[in-house]
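Quick notes on the structure that follows.
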Amino acid sequence: MITLGEFIIEKQQDFPEASGELSALLGAIRLAAKVVNREINKAGIADIIGATGVENIQGEVQQKMDLYANDKFKLALEARGEVCGIASEEEDDYVSFDSERGCNSKYVVLMDPLDGSSNIDVNVSVGTIFSIYKRVSPLGSPATLADFLQPGDQQVAAGYVIYGSSTMLVYTTGNGVHGFTLDPSLGVFYLSHENMTIPKNGVIYSINEGNYLKFPMGVKKYLKYCQEIDSATHRPYTSRYIGSLVSDFHRNLLKGGIYIYPSTASAPQGKLRLLYECNPMAFLMEQAGGLASDGERRILTISPTELHQRVPFFCGSENMVNDVQGMLSQFKD
Ligand code: AHG
Ligand code: MN
Ligand code: MN
């Protein structure tokens, strides 16, 4: 039984130049994940469910758990002193850690502290998503916006925590995707899924089909293709949509499938955020052998211009993403 801590240290030994800072940073995320996990597990009795009555900068109602998770991850990351700043779905602007230790740290973290938070109230799986970059501003100074607005292919590490029927932490540093399951009685994450890979062909499609009439023509055609009967390609495919990106992604990663949040007539850039939802998931997906695109381009090559920028998202098994991209280019509105 290998623990997450042991695994990180073992992998660090492959890089003689590694200073241990990234390992310590992942350690901070591991700690915050355990704290948030504990709270989520008693959500119904801890007066932690429901809305705060406040909206975030994106006009979304903040849930109590959104703010709790944001605080815990922010505190853990600042306390460990391995990052010069963070950006979060729940913070209007990036937060720079201006202590001497913070200014001398070389990493930034971007995060969705609680993904799928509206599912908390109904006891459905939620998650945390994180993305780690090396800063581009000089060491010894406060973090700058440019540190956060880097294309996804510059990520040093990315991952998610899924608070599900069991709690898992899944991450990549660019050498495959590895999953760890929390033993809640010991508070220890154990390696349970080494080198996770997604099947090239999947049979699951995940999309909020309620928005069907607002979808681009190519997406409508693809959905009809998914529903046609053809035994050679195992169609009709199965429709599964939880409404927590982390949970939908995790299932599709294990079983093969595609997650789609396209542009819609009312939201031309889609709903999901590039920096702390799509980029980390795209990095994981590519590391697992799948694809992630905005319908035309690789997600990881997009140069961001805003912290809370949105992007259409097509992510999953290679052949499924290629199929939908083909239909998007063939059928223009
Ligand atoms: P968050 O809870 O962080 O705001 O994210 C919710 C996201 C994502 O997790 C999910 O896949 C998607 O919103 C669901 O959106 P719809 O309700 O529009 O389907
Ligand atoms: Mn989210
Ligand atoms: Mn969120």
Side-chain angles (χ1 to χ4, degrees), residues 29 32-33 36 39-40 43 48-52 54-74 86-92 109-131 158-164 170 204-215 219 223 239-253 257-282 284-285 292 299 307-316:
I29 289 173
V36 170
E39 209 62 16
I40 284 175
I48 196 89
I49 58 177
T52 55
V54 177
E55 287 186 352
N56 65 17
I57 194 167
Q58 302 160 71
E60 296 163 346
V61 175
Q62 284 180 319
Q63 307 287 317
K64 289 180 193 166
M65 240 358 256
D66 283 326
L67 297 186
Y68 182 87
N70 188 56
D71 283 352
K72 294 303 167 201
F73 276 92
K74 196 166 69 171
I86 59 121
S88 161
E89 180 187 356
E90 307 306 337
E91 305 275 352
D92 298 359
V109 172
L110 297 94
M111 61 179 178
D112 178 352
L114 203 73
D115 173 66
S117 53
S118 61
N119 278 326
I120 282 268
D121 296 7
V122 290
N123 212 344
V124 169
S125 303
V126 293
T128 297
I129 308 174
F130 60 90
S131 166
Y160 59 83
V161 185
I162 176 166
Y163 311 98
V170 176
I204 296 173
Y205 67 102
S206 310
I207 186 167
N208 185 344
E209 223 160 337
N211 296 324
Y212 183 84
L213 292 176
K214 298 186 198 170
F215 288 157
V219 172
L223 293 179
S239 167
R240 290 282 183 273
Y241 189 71
I242 295 170
S244 298
L245 170 63
V246 166
S247 314
D248 284 306
F249 180 99
H250 186 72
R251 183 204 51 244
N252 291 355
L253 173 60
I258 185 168
Y259 178 95
I260 302 176
Y261 211 111
S263 59
T264 63
S266 49
Q269 293 310 312
K271 176 181 185 189
L272 299 181
R273 276 60 54 111
L274 173 62
L275 291 181
Y276 43 81
E277 291 182 314
C278 301
N279 268 339
M281 292 314 213
L284 288 159
M285 186 49 79
I299 290 288
L307 226 38
H308 299 289
Q309 179 171 339
R310 296 173 194 266
V311 70
F313 196 46
F314 302 81
C315 179

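Predicted model, so just to flag it, every value in this text is computed and none were measured. Start at 1 with the first residue, then count along the sequence. Every number for a ligand or one of its atoms is a count from 1 in the order of the listing. The analysis underlying the following values was restricted to heavy atoms, covering all of them including side chains, and did not include hydrogens, waters or symmetry mates.
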Worksheet item: Which atom, counting only N, O or S, brings Glu277 closest to the Mn ion (ligand 2)?
Response: OE2
Worksheet item: Is there side-chain contact between Tyr276 and Ser131, with at least one heavy-atom pair below 4.5 Å?
Response: no
Worksheet item: Any idea which atoms of ligand 1 are less than 4.0 Å away from a heavy-atom of Tyr259?
Response: 10 (C), 11 (O)
Worksheet entry | Beyond-backbone contact of Tyr261 with Asn211, side-chain heavy atoms, under 4.5 angstrom | yes
Discussion item. So, regarding Asp248 and ligand 1 (criterion: nitrogen or oxygen to nitrogen or oxygen, under 3.5 Å), is there a contact or not?
Written reply: no
Worksheet item: Mind checking whether Tyr241 and Ser239 have side chains closer than 4.5 Å, heavy atoms only?
Response: no
Worksheet item: Of the backbone atoms (N, CA, C, O) and the side-chain heavy atoms from C-beta on, which set of Leu114 has a member under 4.0 Å from an atom of ligand 1: side chain, backbone, both, or neither?
Response: backbone
Item to complete: Nearest 0.5 Å please: distance from the OG atom of Ser263 over to the CZ atom of Arg310.
Response: 13.5 Å
Discussion item. Students should be able to answer this: which protein heavy-atom is nearest to atom 18 (O) of ligand 1, and at what distance?
Written reply: Tyr261 OH, 2.5 Å
Response to the item:
For Gly243, the ligand 1 atoms with a heavy-atom partner under 4.0 Å come out as 9 (O), 10 (C), 11 (O), 14 (C)
Discussion item. Can you tell me how far apart CG (Asp112) and OG1 (Thr128) are? Round to the nearest 0.5 Å.
Written reply: 7.5 Å
Worksheet item: For the atom pair CD1 (Ile299) and CZ (Phe313), what is the distance rounded to the nearest 0.5 Å?
Response: 5.5 Å
Item to complete: Flag the pair Ile260 / Phe215 as yes when at least one side-chain heavy-atom distance between them is below 4.5 Å, and no otherwise.
Response: no
Fill in: Gap between atom CG of Asn279 and atom CD1 of Ile129 - 0.5 Å precision
11.0 Å
Fill in: Residue Asp112 vicinity, atoms of ligand 1 by number, heavy atom under 4.0 Å
3 (O)
Discussion item. Please list the nearest protein heavy atom to atom 5 (O) of ligand 1 with its residue and the distance rounded to 0.1 Å.
Written reply: Asp115 OD1, 3.2 Å
Worksheet item: Around the Mn ion (ligand 3), what protein N, O or S atoms are found below 2.8 Å?
Response: Glu89 OE1, Asp112 OD1, Leu114 O
Discussion item. Any nitrogen or oxygen of Ser118 lying under 3.5 Å from a nitrogen or oxygen in ligand 1? Just yes or no.
Written reply: no
Practice prompt. Distance to 0.1 Å, residue and atom name: give those for the protein heavy atom nearest to atom 1 (P) of ligand 1.
Written response: Gly116 N, 3.6 Å
Discussion item. With respect to Leu272, determine whether any N or O atom, backbone or side chain, lies less than 3.5 Å from an N or O atom of ligand 1.
Written reply: no
Practice prompt. Output the list of atoms in ligand 1 that are nearer than 4.0 Å to some heavy atom of Tyr241, sorted by atom number.
Written response: 11 (O), 12 (C), 14 (C), 15 (O), 16 (P), 19 (O)
Practice prompt. Just go through Lys271, Gln63, Glu209 and tell me whose heavy atom is the nearest to atom 13 (O) of ligand 1.
Written response: Lys271
Fill in: Distance, nearest 0.5 Å, that separates CE of Met65 from OG1 of Thr52
13.0 Å
Worksheet item: With respect to atom 3 (O) of ligand 1, which of Met65, Glu90, Glu89 exhibits the smallest heavy-atom separation?
Response: Glu89
Worksheet item: Which ligand 1 atoms does Leu245 reach within 4.0 Å, using its non-hydrogen atoms?
Response: 8 (C), 9 (O), 10 (C), 11 (O)
Worksheet item: Near Glu277, which atoms of ligand 1 are under 4.0 Å from a heavy atom of that residue?
Response: 3 (O), 5 (O)
Fill in: Salt-bridge contact Glu91-Lys74 (side-chain N to carboxylate O under 4.0 Å)
yes
Worksheet item: Can you list the ligand 1 atoms lying under 4.0 Å from a non-hydrogen atom of Ser117?
Response: 2 (O)
Practice prompt. Return the set of residues passing ring-ring contact (aromatic ring centres under 6.0 Å, His included) with Phe73 (not counting sequence neighbours), or none when no residue passes.
Written response: none
Item to complete: Check ligand 1 against Ser244 and write out every atom of the ligand that is under 4.0 Å from a heavy-atom position of the residue.
Response: 9 (O), 11 (O)
Fill in: pair Val36-Val161: side-chain heavy atoms closer than 4.5 Å
no
Worksheet item: For Asn211, is at least one N or O under 3.5 Å away from an N or O on ligand 1?
Response: no
Practice prompt. Would you mind reporting whether Ile40 and Leu114 have side-chain heavy atoms less than 4.5 Å apart?
Written response: yes
Worksheet item: Can you check whether Pro280 reaches Tyr160 side chain to side chain, under 4.5 Å on heavy atoms?
Response: no
Worksheet item: Is the shortest heavy-atom distance from the side chain of Pro113 to the side chain of Glu90 under 4.5 Å?
Response: yes
